[in-house]
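Here is the structure we will look at, set down as structure tokens.
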Amino acid sequence: MAKKPEQGSLLVHFYLIDISYDDQTKEIRVFGTTREGEPITIIVKSFLPYFYAVAKPDFDLDELFENLCNVKAEHESQEIMAVDIKMKEKIYGNKTLSAFQIFVNNSADIALLNAIIKKLPGVEFTAEYDIPTIRRFLIDNDLTPFTLCKAIGIQQSRPELNSKIVISTEKISGENQDFIENPNIIGFDIETTSRGSFPDSKEDPVIMLSFYGSNNFKKVITWKKFSNPEKHIMFVDGEYQLLEEFNNTIKSLRPHILVGFNSSEFDLPFLRDRMKKYGIKLALNSDSSDVEVKRGSSRTFGTIHIDILQFIIRTMDLRTSQLTLNAVAKELIGKSKIDGFQNPRKITDVWEIGIDEELANLSRYNLQDSLLAYEIYKELLPTQLQLVKLLNLPLYDINKMNYGMLVEWFLIKNAYGANQIIPKRPNYAELMKRQAVTYTGGYVISPTPGLYSNICVFDFRSLYPSIIASHNISPETLNCECCKNLKKNNIEELGFWFCDKKQGFISNLIKELIERRGRIKDILNKTSKTDKSYPELKARQYALKTIANSTYGYMGFPNSKWYCLECAKAITALGRKYIQMTIKEFQKAGFKVLYADTDSVFIVLENKSKEEALRFLKIVNSVLRKPMELEYESFYPSGLFLEKKGEAGGAKKRYALLTENGELVLKGVEAIRGDWSKIAKDTQRRVLEILLKDKNVDAAAKYVNEVISNVKSRKVDISDMIIQVKLTKNLNEYSSKGPHVIAGEIYSSKGYNVGRGFVVNYIISEGKGKLADKVILAEGAKPKDYDIEYYINNQIMRAVFKIFEIFGYSQEKLSAGQTTLANY
DNA sequence: AGCTGTGGCAACGCTT
DNA sequence: AAGCGTTGCCAC
């Protein structure tokens with residue numbers, strides 16, 4: 001398996017899976033898997049954490065060096081000093097500075113020494129004291145988790161590290177960029193009883209837990225027997241044995257990844273609490289150390305704990321649906337949970353009553369949840385691995401990151417390669433200052449309301465990234481001396497410019513991202529969807545797009561390390577300039593421009609052909625700077641642009657289109673909003689469909705009247721009346737108590753833990769006074785409860801009336817035969 | 001369930 | 001009744 005290059009030392013190849021840093025032993029531990037699938041641990045003791053002190057321009061460097069060498073800090077009666085100091089020329093913004101790289105023994109020493117050094121005379125500022133050692137190590141050594149690495153070192157005897165092979169080395173290097181082929185992934189889920197509305201780890205035991213993972217591994221552990229159990233069911237004597245069995249399973253499988261859904265908030269803290277009761281520990285860390293379980297972050301080492309909910313919350317666009325396991329599973333893998341156990345009371349009842357068939361059902365339900373977690377993560381992993389590769393960070397970190405952090409660490413990684421000092425985060429005063437300013441964004445046309453035929457839509461491909469690349473927009477290229485009199489990159493309306501001679505740091509990175517993505521897309525177009533390489537190629541272009549698209553927002557983000565208000569302003573200003581220019585060019589060529597929003601233009605063909613529009617597109621593109629490009633997006637045989645409420649003009653961001661395949665594309669309208677009742681949404685969707693497909697207003701009106709009479713006669717299912725809203729604040733923070741807030745208060749009074757993020761489901765019931773006074777919770781509501789007038793006038797009619805008005809339908813005409821619609 | 005950005009619509013409560 | 005502020009969700 002390993003060959004001997006010289007006496008006593010071994011050359012080993014391994015897939016680097018995870019990494020930890022031990023403050024006590026000051027060692028970096030790399031957890032890996034050999035090509036044969038054996039666990040291996042590599043110890044690196046030689047890596048020294050460091051930070052930078054930048055010298056004041058006029059200060060004597062020798063003197064400063066001397067001073068830095070003499071800095072001592074005290075910690076627990078120990079003297080702390082730098083172990084090494086190196087002078088370096090570093091780039092900071094558009095300047096080159098003299099900096100001292102200060103190496104320390106232990107990452108905790110950085111904070112102690114930094115506190116003193118930053119105040120030293122001769123020190124302009126200190127930097128990079130906030131980079132975690134693990135990340136520093138991976139970035140500085142250009143190591144990519146989950147790819148093949150190598151090391152030469154001496155074999156050690158460290159039984160506590162649970163690895164057949166333990167090697168101590170000076171250096172680890174990357175061997176190639178291919179990911180490990182079949183990482184061992186296990187999904188898990190626990191079931192508990194619950195006395196109140198939510199399980200409490202003080203009183204409620206874990207009654208069942210399941211694993212589902214790679215190589216068709218299945219296991220359910222429980223401590224109440226039922227007859228005819230399937231092979232994968234394991235009965236144990238009690239909760240203690242169940243918890244031990246959890247640990248045993250992990251130890252014997254040594255999975256690379258343990259996946260749960262909301263497991264950082266629920267499953268792991270719960271398991272930890274229950275284990276504590278029996279005096280046992282979670283055996284998830286490969287080096288036998290204790291797992292630090294905190295609500296919201298349970299970092300494990302070696303076997304990486306992944307809570308898929310964290311990644312989904314941050315990166316997937318699932319705004320309208322609730323982020324339940326069921327909703328996410330349906331959306332991503334098209335599978336569902338097993339029915340019948342939605343209410344946690346049900347699980348408690350089944351457990352306590354203990355009927356065979358019901359317990360067997362619970363075990364299936366439990367296993368299905370582990371399966372869903374596993375299969376969802378199999379979908380997400382290719383994208384996450386690409387981000388791991390782009391950022392050189394552990395998978396655990398990637399899973400927790402939001403878009404802003406992804407961009408930030410992408411820049412940090414590349415700053416290292418470019419010999420840059422990483423800019424500092426703003427202090428509080430600076431942050432407040434930044435938060436107080438806003439700037440103008442995209443340009444939107446107000447359309448003329450109406451039904452249109454033959455609409456051609458064009459949009460700029462990655463408008464903001466391509467502007468950054470083509471105009472060299474970057475914090476260091478702003479207002480450079482060398483291009484002061486050069487008008488080429490001047491942004492006239494703002495009075496500042498960007499360098500035309502030297503590539504900027506961010507603009508260059510974005511340019512590369514765009515080029516790389518272009519190359520991958522070319523390959524992707526020639527690759528069959530069934531090809532083995534397809535998912536990875538898709539993930540690659542998606543990861544590149546994600547970073548490129550988020551960079552503009554990151555530069556305008558107040559807490560950004562690379563904050564550049566002028567850059568953000570310039571990007572949107574140029575965006576407005578280009579879209580306005582495009583609109584004008586189309587108009588000059590005789591095309592009718594119906595609508596535009598930020599990076600898209602809607603053309604009504606009228607007497608022109610699609611081919612003419614496409615020919616004209618080529619002309620527009622020929623004058624654009626690379627890599628900017630206007631693309632043909634789609635053709636729509638018909639489209640409806642809605643009126644703005646209370647005004648004569650058309651509404652922006654609200655329209656309906658019909659594709660050539662007969663599919664309805666809705667934007668902004670009630671039918672696609674999460675906070676409208678199903679009855680109103682469905683009615684509006686159907687009306688739009690009838691109008692766009694059949695262009696028959698009377699038929700649409702007839703349909704509305706049918707729905708209304710069903711509502712009046714209470715024939716409508718109560719679930720169609722539910723209004724669902726997500727609370728964005730805690731209850732006591734609201735100054736205005738709308739219906740959803742009242743609903744939240746009712747939930748709260750019933751014992752629910754209501755706060756920011758809680759989703760309320762309510763119905764407006766018959767009654768007097770404000771709407772808020774008529775709120776009842778959806779659960780348990782009956783058809784006799786709903787307020788007929790409210791659902792007709794405030795839901796259905798409001799969703800469809802603006803549409804009928806376009807066709808000159810008065811509301812009397814629409815509600816002909818309806819007598820209760822006096823308000824219209 | 002927040003913090004990559006701005007633009008925009010519409011409903012409702014609250015105040016006048 | 002009218003206008004404004006608050007709120008949530010959506011387009012890009």
Side-chain angles (χ1 to χ4, degrees), chain A residues 262 265 296 309-324 328 401-408 410 425 431 434-435 437-446 459-460 462-464 546-560 562-563 565 567-569 571-572 575-576 579 595-600 642-647 650-655 666-676 723-730 733-742 755-760 764 769-773 775 790 794-795 798-799 802:
Chain A
N262 197 28
E265 286 289 326
L309 187 56
Q310 294 183 321
F311 187 72
I312 286 161
I313 286 167
R314 288 173 174 81
T315 59
M316 307 292 293
D317 201 15
L318 293 163
R319 267 177 308 195
T320 46
S321 55
Q322 259 188 94
L323 296 179
T324 59
V328 174
M401 281 184 169
N402 56 30
Y403 288 117
M405 289 160 89
L406 290 174
V407 173
E408 186 156 287
F410 174 71
R425 214 176 280 298
L431 182 64
R434 290 180 183 181
Q435 273 172 353
V437 291
T438 52
Y439 57 92
T440 313
Y443 173 74
V444 191
I445 281 188
S446 177
D459 56 16
F460 280 95
S462 301
L463 178 66
Y464 289 169
T546 299
I547 303 287
N549 283 352
S550 312
T551 303
Y552 145 71
Y554 177 75
M555 286 197 273
F557 168 47
N559 204 20
S560 162
W562 274 271
Y563 179 77
L565 181 64
C567 296
K569 278 184 174 173
I571 294 161
T572 56
R576 293 192 298 275
I579 199 71
Y595 180 62
D597 186 348
T598 311
D599 60 355
S600 62
L642 301 188
E643 286 181 342
K644 189 171 169 175
K645 200 183 176 207
E647 280 174 47
K652 296 165 178 174
K653 301 181 191 280
R654 281 169 63 83
Y655 55 90
L666 303 182
K667 298 286 177 178
V669 297
E670 286 77 8
I672 55 161
R673 289 182 63 99
D675 55 351
W676 279 71
I723 297 166
Q724 188 182 78
V725 181
K726 189 185 285 187
L727 302 183
T728 60
K729 303 175 178 201
N730 293 320
E733 291 164 351
Y734 282 100
S735 62
S736 178
K737 290 195 172 187
H740 60 289
V741 182
I742 301 297
R756 182 196 287 172
F758 188 86
V759 177
V760 298
I764 299 299
K770 281 182 312 212
L771 226 45
D773 298 332
V775 169
Y790 170 80
N794 291 33
Q795 289 279 322
R798 281 196 194 177
K802 281 276 133 195

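Below, chain A is the first sequence line, B the second, and so on; all start at residue 1. Just the heavy atoms: all of them, side chains too, but no hydrogens, waters or symmetry mates, feed the values below.
Distance, A:Tyr554 OH to B:dC3 C1': 12 Å, rounded to whole Å. Distance, A:Ile445 CD1 to B:dG8 C1': 15 Å, rounded to whole Å. Between the CD1 atom of A:Ile723 and the P atom of C:dC9 there is a distance of 12 Å, given to the nearest Å.
At a threshold of 4.0 angstrom between heavy atoms, the contacts of A:Tyr655 are confined to the sugar-phosphate backbone, with no base atom among them. If you check every strand for non-hydrogen atoms under 4.0 Å, A:Thr440 touches sugar and phosphate atoms only. The residue A:Val725 sits close only to the backbone: its heavy atoms come under 4.0 Å of sugar-phosphate atoms, none of a base. Counting non-hydrogen atoms under 4.0 angstrom, A:Asp459 reaches nothing in the nucleic acid. Residue-level contact check: A:Asn559 touches neither bases nor backbone, having no heavy atom under 4.0 Å from any strand.
Relative ring orientation between A:Trp562 and A:Tyr554 is described as tilted, the plane-to-plane angle lying within the 30° to 60° band.
Neither OP1 nor OP2 of B:dG7 sits under 4.0 Å from any side-chain N or O of A:Arg654.
Proximity note for A:Lys726 (side chain, C-beta onward) versus C:dT7, B:dT6, B:dA1: the nearest is B:dA1.
A:Arg673 contributes a side-chain N or O that forms a donor-acceptor pair with the base of C:dC9 under 3.5 Å.
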